[in-house]
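Position 1 is the first residue of the sequence, and the numbers go up from there. Note: hydrogens, waters and symmetry copies are ignored here, and every other heavy atom, side chains too, is used. First listed ligand is number 1; within each ligand, the first listed atom is number 1.
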Amino acid sequence: MSKFDQQLLKALRNARHLFVLTGAGVSAESGVPTFRDAMSGLWARFRPEDLAAPEAFAANPKRVWEWYAWRRRLCASAKPNPAHYALVEMERHVPRFTLATQNVDDLHRRAGSRSLIELHGNIHRTICSRERKRVEPRPQDRDVPPRCPNCGAPLRPDVVWFGEPLPEAAQQEALAAAADCDVCLSIGTSSAVYPAAALPEIALEAGATVVEINPAETPLSRRARYALRGPAGEILPALTQAAWPPAC
Ligand code: BV8
């Protein structure tokens, strides 16, 4: 007998379109601090909004660049965990699968997820802070932050900061998927930051079965059809195995 509700397993098996939204919690078991935890150690005296914002970069580009360099090294040395791989497995079992992530750590792509929407960018990409085009620092550039080889402006991480719009195409694609899906999984996110946090709400309004996977309560919990309490690295593999048992 599976520990999961039979109606939930049936909804997954019959899903025409499965939409998944992930947040930092899905990478927690890879050792990447969640967005809130990232403010530990030497960064403990800052709030995320203090650093992940254009005003913070304008006021102190060196400090913001160094925070991202620290996080980039953490992400590069991290490995995808069973939660990431379970989502790759799920993608194989449903006719249409859309994964939208708020994470900038690149772990879904490294795990092998194919249909991937990076709502908030990617920490391993760098752009010119003036031209907003992708560019790599020159190896000999010792400035912190390094300078754009084309125009000399400071480089910045290719991520969406507070107060900045999400990439239009990514936002539109995620909105359309949320409105079209039959089942929506909201995994490892505090459901506090918009417009990403609106996606499971849009799925709910459109009649989808919304499932939250998170050890803690969030503003979505009481609206979700199922709230699976626990770490994604344990729940997702078990849920995938229960919904699509390996052929014996
Ligand atoms: C914008 C990238 C408009 C950078 C990030 C209403 C509508 C629209 C906007 C707003 C609105 N109200 C307010 C706003 C403004 C703002 C906002 O939402 N503010 C909040 C604080 C209220 N939104 C914005 O500014 C957005 N932009 O709206 O622009 C616009 C339009 C046109 C023109 C100009 C402007 C941009 C927001 C994006 C900011 N960038 N990240 C970077 O990474 O450095 S946000 C960042 O924090 C994440 O990406 C994520 O989105 C957010 C929250 O992080 P989570 O992923 O949820 O992680 P968190 O740590 O919070 O929680 C972890 C969860 O995991 C917890 O629940 C925990 O229990 C759980 N967990 C822990 N372990 C596990 C686990 N779960 C499972 N398994 C485990 N093992």
State if A196 counts as touching ligand 1 under the rule of any non-hydrogen atom under 4.0 Å. no
Any heavy atom of P215 closer to ligand 1 than 4.0 angstrom? yes
For atom 45 (S) of ligand 1, what is the nearest protein heavy atom, given as residue, atom name and distance? F162 CZ, 3.8 Å
Distance from atom 69 (O) of ligand 1 to nearest protein heavy atom, with residue and atom: N214 OD1, 2.7 Å
What atoms of ligand 1 come within less than 4.0 Å of a heavy atom belonging to [X]?
X    : value
R71  : 42 (C), 43 (O), 44 (O)
E29  : 78 (N), 79 (C), 80 (N)
A216 : 69 (O)
A24  : 55 (P), 56 (O), 58 (O)
P231 : 78 (N), 79 (C), 80 (N)
S190 : 53 (C), 57 (O), 59 (P), 61 (O), 62 (O), 64 (C), 67 (O)
Y68  : 4 (C), 42 (C), 44 (O)
G23  : 56 (O)

Minimum non-hydrogen distance to [atom], winning option of [options]:
atom                    : options                : result
atom 30 (C) of ligand 1 : P165, S191, G121, P48  : P165
atom 8 (C) of ligand 1  : W67, Y194, W161        : Y194
atom 38 (C) of ligand 1 : E234, E168, E217, H120 : H120

Which bit of [X] gets closer than 4.0 Å to ligand 1, counting heavy atoms only: side chain, backbone, both or neither?
X    : result
A232 : both
A192 : backbone
V104 : side chain
E164 : backbone

Please determine whether a side-chain nitrogen of the Lys or Arg among [X] and [Y] lies less than 4.0 Å from a carboxylate oxygen of the Asp or Glu.
X    : Y    : answer
E118 : R125 : yes
R92  : E89  : yes
D105 : R110 : no
R223 : E205 : yes
R222 : E217 : no

Residue among T101, I187, L18 satisfying side-chain contact (heavy atoms from CB on, under 4.5 Å) with L87: I187
Between the main-chain N or O of G121 and the side-chain N or O of D158, is there a donor-acceptor pair closer than 3.5 Å? no
Does any N or O in the side chain of N214 come within less than 3.5 Å of the main-chain N or O of A216, such that one atom is a donor and the other an acceptor? yes
Are I127 and V104 connected in a single hydrophobic cluster, I mean Ile/Leu/Val/Met/Phe/Trp/Tyr linked by side-chain heavy atoms less than 4.5 Å apart? no
R156 to W161, cation-pi by 6.0 Å centre distance and 45° axis angle: yes
So is R72 actually on top of W65's ring, under 6.0 Å and inside 45° of the axis? yes
Is [X] in polar range of ligand 1, meaning some N or O pair under 3.5 Å apart?
X    : answer
A52  : no
Q102 : yes
G163 : yes
G233 : no
T189 : yes

Under 4.0 Å from atom 6 (C) of ligand 1, do we find at least one protein heavy atom? yes
Protein contact for atom 36 (C) of ligand 1 (heavy atom, distance under 4.0 Å): yes
When rounded to the nearest 0.5 angstrom, what distance separates [atom1] in [X] from [atom2] in [Y]?
X    : Y    : atom1 : atom2 : result
C75  : N103 : SG    : CG    : 8.5 Å
Y194 : L166 : OH    : CG    : 13.5 Å
F57  : L51  : CZ    : CG    : 12.0 Å

Can you tell me if CD on Q241 sees more than 12 non-hydrogen neighbours from other groups inside 6.0 Å? no
